[in-house]
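The structure appears below as structure tokens.
In this text the structure is predicted, and so the values were computed from the model without any measurement.
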Amino acid sequence: MSLVIRNLQRVIPIRRAPLRSKIEIVRRILGVQKFDLGIICVDNKNIQHINRIYRDRNVPTDVLSFPFHEMFQKEKAVLDELGRRTGTRLQPLTRGLFGGS
């Protein structure tokens, strides 16, 4: 597994060691053996700019990407399981956009 983490925002401090361990949990949840992953943390202004250029959507979003309605269902399932394993309560940032709860 190769994991690269870049923090290009200043609002939320990013602690790399806990993030790496949570990525390992997500890898196990998804049943993935080998993968390369790059995580780039940006602020809302920059993600909105990226969405406008590449997706023709002028809104900030989170960075998990799955096909349309499957996007929200898969994202929620992964976040629910990650929360169960780590004791945190996580919700998709897109929770009101795709008819999910």
**Q.** Contacts of type salt bridge (charged side-chain N to carboxylate O under 4.0 Å, His left out), residue Arg52, not counting sequence neighbours
**A.** none
Q: Might you point out which heavy atoms bring Val42 and Gln9 nearest each other, and give the distance in Å?
A: C-CB, 3.8 Å
Q: Taking all non-hydrogen atoms of both residues into account, name the closest pair between Pro60 and Asn44 and its distance.
A: CB-O, 3.8 Å
Q. Where is the tightest heavy-atom contact between Thr86 and Ile25, given as atom of each residue plus distance?
A. CG2-CD1, 3.6 Å
Q) Could you state the interatomic distance from CD (Gln48) to CZ (Arg57), rounded to the nearest 0.5 Å? A) 11.0 Å
Q. Does Glu81 have any side chain to side chain contact (heavy atoms under 4.5 Å, CB included) partners at least two apart in sequence or in another chain, and if so, which?
A. Ile29, Arg84, Arg85
**Q.** Other residues, nucleotides, ligands: >12 heavy atoms within 6.0 Å of Asp56 CG
**A.** no
Q | Leu19 side, atom CG; Ile5 side, atom CD1 - distance, nearest 0.5 Å | A | 4.0 Å
Q: For the pair Ile39 and Ile23, evaluate side chain to side chain contact (heavy atoms under 4.5 Å, CB included) and give the outcome as yes or no after the intermediate values.
A: CA-CA 10 Å; Ile39 298 175; Ile23 294 297; 3.7 Å; yes
Q: Apply the test salt bridge (charged side-chain N to carboxylate O under 4.0 Å, His left out) to residues Arg20 and Glu24: give CA-CA distance (whole Å), side-chain angles for both, the deciding distance (0.1 Å), then the verdict.
A: CA-CA 6 Å; Arg20 284 181 185 276; Glu24 179 58 27; over 6 Å; no
Q: Any chance you could measure Arg89, atom CZ, to Asp80, atom CG, to the nearest 0.5 Å?
A: 9.0 Å
Q.
Holding to salt bridge (charged side-chain N to carboxylate O under 4.0 Å, His left out), I want the full list of residues that pass it with Arg16, two or more places apart in sequence or in another chain.
A. none
